[in-house]
Amino acid sequence: MNETRFQKWMNSVDDDLLEEAQQPMKKKRSWLYSAGAIAACLAVAVTAVTMTHRGTDQPTMITNPMHESSAAEFQRLGYSIPLPDSASGTSYYLIDTGASDKQMAEVNFEQGGQTYHCRALKAEQPQDISGIYADWTESLDWSGEDVSVQLRKSEDAAWVGWYAPEAETQWCVAGGSDAQVLLDTAQTIVEKLGYVMPLYPMDSAEDAFADGGYSVDFTAADLVKTGGGYSLTAKICDYDRYELEDIQSLKEGDQIQVCRKPVTIESIRRDNGTVIINGGVELIEDDGLYRTNAMNDQPIYYDLGTITLPVSTDCTFEDHADLEHEPDGLVYEYEDVPAAIQASETPFNCYNTVITVRQEQVVQIIRYWIP
């Protein structure tokens, strides 16, 4: 995680807008997900709902009957809570939820001198299982392809949760009030679970220096020879996506943002899962989210700006643009990447190209086939 980027976003985000982050790249049908960027282009004006304990600024915990348990029993009940490698002093519990057939799993552990608790609950939708009542000063929600993420923060407490629709499970990690540390801890657990942790939203193209995958536009001329190797200048692009419940609850009179411009909903029509706003903005459902939809089933991308990054000496170019002649794609190692890009007759654009950034260097370029 990049602390400067996180703090910049936390200080600038509009509290009335529920924003969603773009997730690390995975090939999905004929359109692309890319990570590290936000769906700020289309943001629903809503008020985040949090559990608040009125009349006090101090966080309090919900008390539920708890029973000592074990990792083996968690597994038997279908729960998995893999901990960071540095975790110690672990203890396992099952918590009665009031439902006769449902218990919540909790594991307590220590890391870096701080005590944490991580919970998991079988659920049909995202929910707050932190057990903490507080006056949250920050309430942020964003989504990726694998999980949706929730962050709540006050002066004295914080928690980070994530929900995986495929597993129908909500997780939550809490402990202390350092949201940055909790995000790092949550990312470790999410990745150990086998999911991709969506990054929190970008504010501008400059945030693409952070580790992640990004949809880009560039030409062969943008790959330039330098004294130490090569640099790539690319336009960073993003598109809109939303939680299902936010779009399903939209009505006339609500305000949204379309490509960072406020738009009042004058008309809204729903047709077989497609939502059409003001007769022109079309949203479709895909993988548990809504996204914008343009021609050829492609998202509506927008430009976040341009950055220049050095190309790592370990960089590869994976090309799937010509499935007719190369059904398995072609992979070029670093020394062959410049020539392959120069010789390409297929453009590199946000609809088919994603770069992966690690430690402020381009470590991979992938171009996908788009029908």
Side-chain angles (χ1 to χ4, degrees), residues 9 13-14 17-45 140-149 196-208 210 212-218 234-244 246-248 250 255-263 265 273-278 280-307 347-357 365-371:
W9 177 50
V13 68
D14 185 339
L17 297 181
L18 181 62
E19 298 188 305
E20 301 164 355
Q22 195 169 355
Q23 71 280 10
M25 176 64 203
K26 281 189 175 181
K27 177 60 179 171
K28 205 72 174 177
R29 298 189 179 90
S30 62
W31 53 282
L32 305 179
Y33 275 114
S34 61
I38 176 160
C41 182
L42 179 63
V44 183
L140 305 170
D141 300 75
W142 65 97
S143 294
E145 183 176 356
D146 290 339
V147 297
S148 58
V149 182
V196 175
M197 180 74 163
L199 297 181
Y200 40 79
M202 282 202 313
D203 186 52
S204 70
E206 294 298 318
D207 291 328
Y214 305 92
S215 295
V216 294
D217 280 354
F218 68 85
K235 182 186 298 182
I236 307 298
C237 302
D238 195 8
Y239 65 91
D240 308 315
R241 69 185 65 82
Y242 287 95
E243 298 288 350
L244 293 177
D246 295 329
I247 298 304
Q248 290 167 350
L250 278 180
Q255 190 176 79
I256 63 173
Q257 287 193 359
V258 179
C259 293
R260 301 187 174 185
K261 296 180 180 179
V263 174
I265 297 177
T274 300
V275 178
I276 302 172
I277 297 171
N278 293 351
V281 179
E282 184 174 297
L283 309 179
I284 63 172
E285 184 179 341
D286 194 283
D287 280 342
L289 297 171
Y290 274 101
R291 66 168 176 88
T292 54
N293 188 44
M295 295 172 52
N296 301 322
D297 197 33
Q298 298 294 328
I300 302 173
Y301 282 92
Y302 60 94
D303 178 8
L304 281 170
T306 300
I307 62 171
F348 297 87
N349 58 51
C350 58
Y351 297 101
N352 67 5
T353 305
V354 169
I355 63 170
T356 301
V357 177
I365 302 169
I366 303 179
R367 182 169 60 184
Y368 291 91
W369 175 75
I370 300 296

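Looking at I236 and V216, their side chains come closer than 4.5 Å, going by heavy atoms from C-beta outward. A heavy-atom distance below 4.5 Å is not found between the side chains of I300 and Y239.
In this structure, CG on L304 lies 10.5 Å from OH on Y214, to the nearest 0.5 angstrom. Atom CD1 of I284 and atom CG of D297 lie 4.5 Å apart (nearest 0.5 Å). Atom CD of Q298 is separated from atom OG1 of T292 by 10.0 Å, given to the nearest 0.5 angstrom.
Annotation for C237 and Y301: closest pair CB-CD2, 3.9 Å, computed over non-hydrogen atoms. Listed here is the closest heavy atom pair of A294 and P299: CB-O, 4.3 Å.
Looking at N278, its side chain never comes within 3.5 Å of a backbone N or O of G280 through a donor-acceptor pair. The closest donor-acceptor contact from the side chain of N352 to the backbone of P347 lies under 3.5 Å.
Partner F218 forms a side-chain contact (heavy atoms from CB on, under 4.5 Å) with one of N349, T353, T306 and no other, that one being T353.
Contacts of E282 classified as side-chain hydrogen bond (donor to acceptor under 3.5 Å, both in side chains), with partners at least two apart in sequence or in another chain: N293. The side chain to side chain contact (heavy atoms under 4.5 Å, CB included) check on V275 picks up I247, I268, R270, I277, L283, Y290, with sequence neighbours excluded.
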